[in-house]
Amino acid sequence: MGSLASIILAAGQGTRMKSALPKVLHAVCGRPMVTWSVANARALGADPVALVVGHGAERVRETLGDEVLYVTQAEQLGTGHAVLQAKEALEGRADTVLVLYGDMPTLRPETLQRMVETHRTRRPAITMLTVDSQDSMGFGPVVRDGEGRVRAIVEEAAATPEILALTELNCGVYCFDAAWLWRHLPLIRPTPPKNEYYLTDVAELAVAGTQAIETVTITDVAEVQGINTRVHLARSEHILRARVAEGLMLDGVTIVDPATTYIDPAVSVGRDTVIHPNTHLLGETVIGADCAVGPNTIVRDTKIGDRCTIVASVLEGATVDDGVEIGPFAHLRPGAHLGEGVHMGNFGEVKNAYLAPGTKMGHFSYVGDAELGPDVNVGAGSITCNYDGVRKHRTEVGAGAFIGSGTLLVAPVRVGAHAKTGAGSVVTHDVPDNTLAYGVPARPKRTLQESGQGGEE
Ligand code: UD1
Ligand code: MG
């Protein structure tokens, strides 16, 4: 097995996007477009991965950081010129060079794997990806001789009607024998009228030197959807989303309506979970088995256990253990952690707080910067007043406590185990265990054990 390097071309301006953002940074399925190509190169074990940048180079660098090796193409003089810019950085570092585009995120890693394997088995100068398509898509037709050998790649603009009738098209993705490429690429001459250096001209150099050109041909044009406009952007988004959804369905997840379900590629979902329409599962979300999620739910970077039900809610940066019910209209914010069997009903918000197993907050409550013990009952409209305008303070509620409707817990404050607060009480001081406190401000009135109210249910 030889070593593989990759060059991703991403220096073009992307004028037709009509955007202040460099084209390759526009998001597809929740990630910058170019990162799909980077991930493809990495999946094949390519190292280094060189990214040819030009327009918007600074922003591309800021976004990708040191994930890739940057090669600058100051002037966009064509695809051949772009690849040549990587010569210095890559020569001698790998025996095979894979060239990809930063604006073709739908290419399947399996297809590239096939290309690399073909290249390694047959050892030609070039292995190129072609697509069989009646629609030319602006791609250059591939001309073969009587024996089926590739003779040339003709740019669509320069093609005769006879050549335009050919249905095998160059996708612009190649594996090169590195030593051969670095020797021949500098020989390319600019093509008028734009005087661009066409990478496709290396095919002629190979033919002239009787070097072999192998091809891998695909029929699914969706794989080579390039992005030049926002119409293409939406098309690529659709293709990738459908692929993510299909992968999950084949793994045992029910997606009631894939057309209105938006799942990012890194999301994982367990078996027999049902995803209802208009649900967005984003970022690094992990969902367990036997859950029902949606309709109308957004989940971002959240871990959800098994057997949970989540309806019409927004969850961000949260952790939800097994058997939890959420919604409708609940909001979990970063650091929210709902323990096993927690019930969180309508219009609740939890932020940076742990609700231990069996705790219930059914209606109109806010719990922030808090720790609630097991089996606490949070009455309707109760609020942790965690912010004094300057700093955040913590609230603690002990096991089995009963927070009466409309209680304001003015943090820092602790409500003891099996304590109760009366409806509408404003709790400014700690309430001991097994004690009832009520009023404004709330005062402990009696211990529940003395009065015979056990507090345990
Ligand atoms: C290229 C191929 C064509 C193929 C098609 C498939 C050439 C001459 N033609 O044409 O045969 O069918 O791709 O998509 O190679 N880029 C740079 N620097 C440059 C020029 C381009 O980085 O100086 C980048 C662009 O940002 C883009 C990619 O290379 O990501 C392709 O360039 P583009 O001008 O779109 O080439 P095509 O005309 O599509
Ligand atoms: Mg193009």
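For ligands, and for the atoms within them, numbers begin at 1 and follow the listed sequence.
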Numbered atoms and elements of ligand 1 in range of [X], under 4.0 angstrom, heavy atoms:
X: T79; result: 7 (C), 8 (C), 15 (O), 20 (C), 21 (C), 29 (O), 31 (C), 32 (O)
X: D103; result: 27 (C), 30 (O)
X: Y198; result: 8 (C)
X: N170; result: 3 (C), 4 (C), 6 (C), 11 (O), 12 (O)
X: C171; result: 6 (C), 14 (O)
X: A10; result: 22 (O)

Other residues, nucleotides, ligands: >12 heavy atoms within 6.0 Å of R307 CZ =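 Correct, the count exceeds 12.
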Measure L77 to ligand 1 on non-hydrogen atoms and call it side chain, backbone, both or neither using the 4.0 Å cut-off.
->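 Just the backbone.
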What part of A11 sits under 4.0 Å from ligand 1 if we count only heavy atoms: the side chain, the backbone, both or neither?
->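 Within the 4.0 Å criterion, A11 contacts ligand 1 through backbone and side-chain atoms alike.
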N/O of [X] under 3.5 Å from N/O of ligand 1, yes or no?
X: G12; answer: yes
X: V52; answer: no
X: Y101; answer: yes

